[in-house]
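Heads up: the structure comes next, in C-alpha cells.
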Amino acid sequence: MSTRPRISSAIPGEPAQFSNGLAHQPAIAASFGDLYAAFWDSDVLSARLKEVARMRNARVTECGFCRNVRFDKAMGQGLGEEIVDAIDWGYETSDKLSDAEKAVLKFTDAVIHDPELLTGDAKSALRRHLSPEQIAELGLGLTLFLALAKALITMGLEPEMMDRTVLPTPAAVEPA
Amino acid sequence: MSGPVTAALGAGSGAGSGAGSNLGAKYAKFRDASHAALGETMTAQVRRAIAQVHGLDHAPGDNGARDDPPADAAWLAYARRMPFEHTAITDEEAAAVVAELGEARYVAFSVVAALADAECRAARVDLPGLTA
C-alpha cells in the first residue's frame with residue numbers, strides 16, 4: 001500500500017489529500033459531499049451505529065485515515081475509545097458492545113469481507129435490532145465507507161503519519 | 001441503471017418518501033455524476049469486469065450489454081484488483097492507468113471502480129431483500 005500520492009492536488013499549492021484530489025472531478029466531489037452530509041444528518045440509524053460500522057470498515061480495508069478519524073456526533077452518543085478498541089477480531093464475545101452493535105458488525109463483515117457470514121442467525125439478529133429503514137441506511141453507509149476508503153487507498157492518499165483526530169460530523173452547508 | 005443501494009433505500013422508505021427516498025435521490029446523483037465523468041461505455045466495462053471477479057455475470061442494475069474493452073488496457077487489470085487486492089496495487093500500476101486516462105479521469109475511474117465493488121457486495125448479501 002502506497003502513502004505516496006498518485007495524483008496531484010486540484011488546488012495549486014496544497015499537498016494532495018482526499019478532498020483536493022477528488023476536486024479534480026467537481027461534480028463528483030459536490031454530490032458526494034451533499035450525500036455524505038445528509039447521511040450523517042439522518043437519525044434513522046444512530047450516528048453511534050454508523051460509526052461502529054465505519055470503524056470496522058476502516059480496520060478491514062486497512063484505511064489508516066478512516067481509522068484515525070472520529071466524528072463528534074457518535075462520540076456524543078457514547079462511542080468512546082474502549083468501545084472502538086473492541087471493534088476488532090473476536091468482537092462477538094466482547095462485553096463492551098451491545099447485541100445491536102454486534103449484529104451491525106456481523107452484517108458489516110458480510111458486506112465488506114464475506115457474504116457467507118450472513119447466516120440465518122446473523123440475518124435474524126440484524127432484523128431483530130434494525131428496522132428495514134435502518135438496514136437500508138446502514139447499507140448505504142457501508143457502500144460509501146468501503147468505496148471511498150478503497151478510492152482513497154488506491155489513489156495513494158493515505159497519510160504517512162496521523163494522530164487520532166476528532167472532526168465535526170459532516171453536515172450540509174446552510175445557504176447564506 | 002439503479003442498483004441494490006438505490007433499490008434498498010426506495011424499499012426501506014415504504015411509500016417512497018422520507019429519509020430513505022431523500023438519501024436515495026442523493027446517492028443516485030453521486031453515482032450518476034461518477035459514471036458521467038468516466039463515460040457510459042467505460043463505466044459499463046469497469047463495472048462488468050469487477051462483477052465478474054465477484055462471480056456475477058454483470059454488475060447489479062446493469063443491463064448486461066456487452067462492449068468488450070481492450071484486453072491489454074492497464075485500467076482493466078487494475079479494476080480487477082479492486083475487489084480483493086486493493087492494497088497490493090503498485091505505484092507503477094497506478095502510474096500506467098494515470099498515463100492512459102489522465103489524472104482527472106483516473107479519479108473518476110477510482111470512484112466508479114470502488115462503487116462497483118461495493119454495489120456487487122451489497123447485491124451478494126441481497127440488501128434490497130433485507131429491506132423489503
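Every chain is numbered from 1, with letters handed out A, B, ... down the list of sequences.
Only the side chain of A:Leu146 comes within less than 4.5 Å of a heavy atom in chain B; its backbone stays farther off. Only the side chain of A:Phe107 comes within less than 4.5 Å of a heavy atom of chain B; its backbone N, CA, C and O stay farther away. With a 4.5 Å cut-off on non-hydrogen atoms, B:Phe109 does not touch chain A at all. Both the backbone and the side chain of B:Ile89 come within less than 4.5 Å of a heavy atom in chain A. Interface remark: A:Arg6 contributes backbone and side-chain atoms alike to the contact with chain B (heavy atom separation under 4.5 Å). Contacts between B:Ala95 and chain A at a heavy-atom distance below 4.5 Å are absent for every atom of the residue.
With salt bridges taken as basic N to acidic carboxylate O contacts below 4.0 Å, none links A:Glu51 and A:Lys73. Salt-bridge annotation for A:Glu101 and A:Lys96: absent, with no side-chain N of the basic residue lying under 4.0 Å from a carboxylate O of the acidic one.
Listed here is the closest heavy atom pair of B:Ala118 and A:Ala147: CB-CB, 4.3 Å. Closest approach of B:Gly129 and A:Arg127 over heavy atoms only: O-NH2, 3.1 Å.
For the set B:Lys29, B:Met82, B:Arg81, the count of heavy-atom pairs under 4.5 angstrom toward chain A peaks at B:Met82. The most heavy-atom pairs under 4.5 Å with chain B, out of A:Leu126, A:Asp41, A:Leu152, A:Ile112, come from A:Ile112. Between chain A and the options B:Val125, B:Val107, B:Asp91, the largest number of non-hydrogen pairs under 4.5 Å is found for B:Asp91. Residue with the most contacts toward chain A among B:Val97, B:Val5, B:Leu115, B:Leu130: B:Leu130 (heavy-atom pairs, distance under 4.5 Å). Residue with the most contacts toward chain A among B:Ala113, B:Ala122, B:Ala116, B:Ala108: B:Ala108 (heavy-atom pairs, distance under 4.5 Å). The greatest number of non-hydrogen atom pairs below 4.5 Å with chain B, out of A:Ser131, A:Pro115, A:Gly21, is found for A:Pro115. Most heavy-atom pairs under 4.5 Å with chain B: of the set A:Ile135, A:Leu140, A:Leu118, this distinction falls to A:Leu140.
Residues passing the disulfide (SG to SG under 2.5 Å) test with A:Cys63, sequence neighbours excluded: A:Cys66. A:Asp121 pairs by the side chain to side chain donor-acceptor pair (under 3.5 Å) definition with nothing, not counting sequence neighbours.
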